[in-house]
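Notes for the one structure printed next.
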Amino acid sequence: MISLGIETSCDETAVGLVEGDRIIADITSSQLIHSQFGGVVPELASRAHIRLITRITKTALEIGRVELEELNCISATYGPGFIGSLMVGLGFAKTLSFSLSIPFVGVNHIEGHIFSIFLEYPEIKFPFLGLVVSGGHTELLLVKDRCEYKRLGFTLDDACGEAFDKVAKLLGLPYPGGLPLEELAKKGLPGIDFPRPRVDGYNFSFAGLKTAVLYYLRDHKDASYADVAYGFQEAALDHLFNKISSAIESIEVKRVGICGGVAANKRLREKLKGLKREYGVEVYIPRPELCTDNGVMIAAAGLERLKRFGPSPLSLPAEANPSLP
Ligand code: KG4
Ligand code: ZN
């Protein structure tokens, strides 16, 4: 069965085609316009999605050599995200579905990220501990099966990627700041020990760490930005590592799957090797282009939901902050 996935929740206009867990086409256009504002401007994002969505869909179909009539499922992200942006992809997908009489499925963006793990590792066994770390979310889940999750913890304030973006801005780096900050940190030296966030249970917090960087820069006018980037990155990634470790200790899972934009971070990937050494767990992280927002993860999640639960109603609204189904 062939599934088309449309993702327009934030500043990526992305369209993917999958057949089961096999990727047929994966086209993503990242909107550069937001860089000059140091963050995503929702109205500009919606306008760019409108300009791009038809062209990108056509390109994905051409590259995948798939005709519209061959599609078995048309999926789109319905939330979380910016309402205007979501409505562009959602409305486009519903229109295609209605006019071609092909089932439509609305996909939760966080569930979409989890499916990037299945696209890379279709053979992964259940249950596994899932961490979604992106610009908008930091969620720790027990993944019992495809489409079956138990939420264990979440961020109480900023998302991890959001903290990377905000600290990058303090260091004069462009938006989105995750990758530039990682590159700058490579040139930095250890020495600045920002306090590791302390939060109960499996929850996360990054706002205090961001403020600690702000105060450090205020009090150390001659600080090496590379050393600050290094210190921040270590503290942020240790926070993720510590929460994963404590979940492994009490839940006794054998596998950990990590996804979302921050999972593209090479230092995080390196640190997570420690989980295998310490606990003998297998760590599954998709390749970087599947970690950041894309259409294939939405296509894959939509297809699985269609098989399990049938199509979504065309009345499904866009939602800024829906909980995971
Ligand atoms: O999953 P994603 O593409 O979009 C959301 O759902 O938010 O994640 C984007 C986030 C941004 O905050 C970006 O700075 C961060 O992921 N990111 C990184 C890296 N690459 C992207 N953070 C740390 N290190 C990276 N290499
Ligand atoms: Zn995302």
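Owing to the predicted nature of the structure, the values given are computational and were not obtained by experimental measurement.
Taken from CG in Leu86 to NE2 in His49, the straight-line distance is 8.0 Å, to the nearest 0.5 Å. Lys94 NZ to Met87 CE: the interatomic distance, rounded to the nearest 0.5 Å, is 8.0 Å. In this structure, CD1 on Ile33 lies 5.0 Å from CG on Leu44, to the nearest 0.5 angstrom. If you take CZ on Arg146 and CD1 on Ile124, they are separated by 9.5 Å, rounding to the nearest 0.5 Å. In this structure, the separation between OH on Tyr202 and CG on Leu140 is 8.0 Å, given to the nearest 0.5 Å. Here the CZ-CG distance, from Arg277 to Leu272, works out to 10.5 Å after rounding to the nearest 0.5 Å.
Within the 4.5 Å cutoff, the side chain of Ser75 has no heavy atoms near those of the Leu303 side chain. Considering only heavy atoms from C-beta on, Phe204 stays 4.5 Å or farther from Val199 through its side chain. Proximity of Ser3 to Asn72: side-chain heavy atoms (C-beta onward) are nowhere separated by under 4.5 Å. You'll find the side chain of Ile248 stays beyond 4.5 Å of the side chain of Glu278, heavy atoms only. The shortest side-chain heavy-atom distance between Leu17 and Leu71 falls under the 4.5 Å cut-off. Within the 4.5 Å cutoff, side-chain heavy atoms of Asp158 are placed close to those of Lys210. Using a 4.5 Å heavy-atom threshold, the side chains of Gln31 and Glu12 count as separate. Put simply, the side chain of Arg151 does not reach to within 4.5 Å of the side chain of Leu324, judged on heavy atoms.
Other residues, nucleotides and ligands contribute only 12 or fewer heavy atoms inside 6.0 Å of the CD atom of Glu67. Within 6.0 Å of CZ on Arg198 lie no more than 12 heavy atoms contributed by other residues, nucleotides or ligands. Taking a 6.0 Å sphere around CG of Asp200, one finds it holds 12 or fewer heavy atoms contributed by other residues, nucleotides or ligands. Summarising the local packing, CZ of Arg308 is surrounded by more than 12 heavy atoms from other residues, nucleotides or ligands at distances under 6.0 Å. Crowding of Lys169 atom NZ: a count of heavy atoms from other residues, nucleotides or ligands under 6.0 Å not exceeding 12. Atom CZ of Phe37 is surrounded by more than 12 heavy atoms from other residues, nucleotides or ligands within 6.0 Å.
Residues Val133 and Cys160 share a closest heavy-atom pair of CG1-CB, 3.9 Å. When all heavy atoms are compared, the tightest approach of Asp157 to Ser205 is OD2-OG, 2.7 Å. Of all the heavy atoms in Gly89 and Thr8, the pair that sits closest is N-OG1, 3.1 Å. Minimum interatomic distance between Glu70 and Arg65 (heavy atoms only, all atoms of both residues): OE2-O, 4.2 Å. Nearest heavy-atom pair across Leu209 and Pro197 is CB-CG, 4.5 Å. The shortest non-hydrogen separation linking Pro174 to Pro180 is O-CG, 4.1 Å.
Formation of a donor-acceptor pair under 3.5 Å by the Asn265 side chain with backbone atoms of Leu268 is found in this model. Here the side chain of Asp227 pairs a donor or acceptor atom with the backbone of Leu189 at under 3.5 angstrom. At least one donor-acceptor pair closer than 3.5 Å links the side chain of Asn203 to the backbone N or O of Phe154. A donor-acceptor pair is defined here as one N or O able to donate and one able to accept, closer than 3.5 Å; no such pair exists between the side chain of Lys186 and the backbone of Ala226. Checked by atom type and distance alone, the side chain of Arg196 pairs as donor or acceptor with a backbone atom of Phe194 at under 3.5 Å. The backbone N or O of Gly79 lies less than 3.5 Å from no partner atom in the side chain of Thr77, so there is not a single donor-acceptor pair. Distance alone, capped at 3.5 Å, is enough to place a donor-acceptor pair between the His34 side chain and the Val41 backbone. Between the side chain of Thr155 and the backbone N or O of Thr138, no donor-acceptor pair lies under 3.5 Å. When atom types are taken as modelled, the side chain of Ser116 and the backbone of Gly112 share no donor-acceptor pair closer than 3.5 angstrom. Using modelled atom types, no side-chain atom of Asn321 and backbone atom of Pro80 make a donor-acceptor pair closer than 3.5 Å.
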Assess whether salt bridge (charged side-chain N to carboxylate O under 4.0 Å, His left out) is satisfied between Glu270 and Lys266, documenting all intermediate values.
CA-CA 6 Å; Glu270 197 182 304; Lys266 292 190 198 64; over 6 Å; no
Apply ring-ring contact (aromatic ring centres under 6.0 Å, His included) to the pair Phe126 and Phe118, showing each step before the final yes or no.
CA-CA 11 Å; Phe126 299 96; Phe118 302 134; 5.8 Å; yes
Evaluation steps, side-chain contact (heavy atoms from CB on, under 4.5 Å), between His113 and Asp293
CA-CA 8 Å; His113 273 299; Asp293 286 352; 3.0 Å; yes
Can you check side-chain contact (heavy atoms from CB on, under 4.5 Å) on Ser85 and Ser46, steps first, answer last?
CA-CA 4 Å; Ser85 292; Ser46 312; 3.8 Å; yes
Mind running side-chain contact (heavy atoms from CB on, under 4.5 Å) on Ile6 and Val88 for me, showing each step along the way?
CA-CA 10 Å; Ile6 293 173; Val88 176; over 6 Å; no
Checking Tyr279 against Ser245 for the side-chain contact (heavy atoms from CB on, under 4.5 Å) test, could you report, in this order, the C-alpha distance in whole Å, the side-chain angles of both residues, the deciding distance, and whether it holds?
CA-CA 8 Å; Tyr279 301 101; Ser245 302; 3.3 Å; yes
Would you check, one step at a time, whether the test side-chain hydrogen bond (donor to acceptor under 3.5 Å, both in side chains) holds for Glu7 with Ser9?
CA-CA 6 Å; Glu7 160 56 44; Ser9 65; 2.6 Å; yes
Go through the steps for Lys58 and Glu62 under the test salt bridge (charged side-chain N to carboxylate O under 4.0 Å, His left out), then give the verdict.
CA-CA 6 Å; Lys58 276 187 180 162; Glu62 272 164 29; over 6 Å; no
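Between His220 and Tyr216, the ring planes lie parallel to each other; the angle is under 30°, not in the 30° to 60° tilted range. Classification of the Tyr284-Tyr121 ring pair by plane angle, with boundaries at 30° and 60°, yields perpendicular.
Between Phe232 and Phe164, the distance from one ring center to the other falls under 6.0 angstrom.
Residues Met297 and Leu141 fall into different hydrophobic clusters, defined by Ile, Leu, Val, Met, Phe, Trp and Tyr side chains chained together at heavy-atom separations under 4.5 Å. Follow the hydrophobic side-chain contacts under 4.5 Å out from Leu316 and you reach Phe98 in the same cluster. Under the 4.5 Å side-chain heavy-atom criterion for Ile, Leu, Val, Met, Phe, Trp and Tyr, Leu240 and Val281 are members of the same hydrophobic cluster. Both Val256 and Ile285 are members of a single hydrophobic cluster when ILVMFWY side chains are connected at heavy-atom separations under 4.5 Å. Residues Leu181 and Phe206 share a single hydrophobic cluster, defined by chaining ILVMFWY side chains whose heavy atoms lie under 4.5 Å apart.
The closest side-chain donor-acceptor pair between Asn294 and Thr28, if any, does not fall under 3.5 angstrom.
For the side chain to side chain donor-acceptor pair (under 3.5 Å) test, residues two or more places apart in sequence or in another chain that qualify with Glu111 are Tyr149, Arg305.
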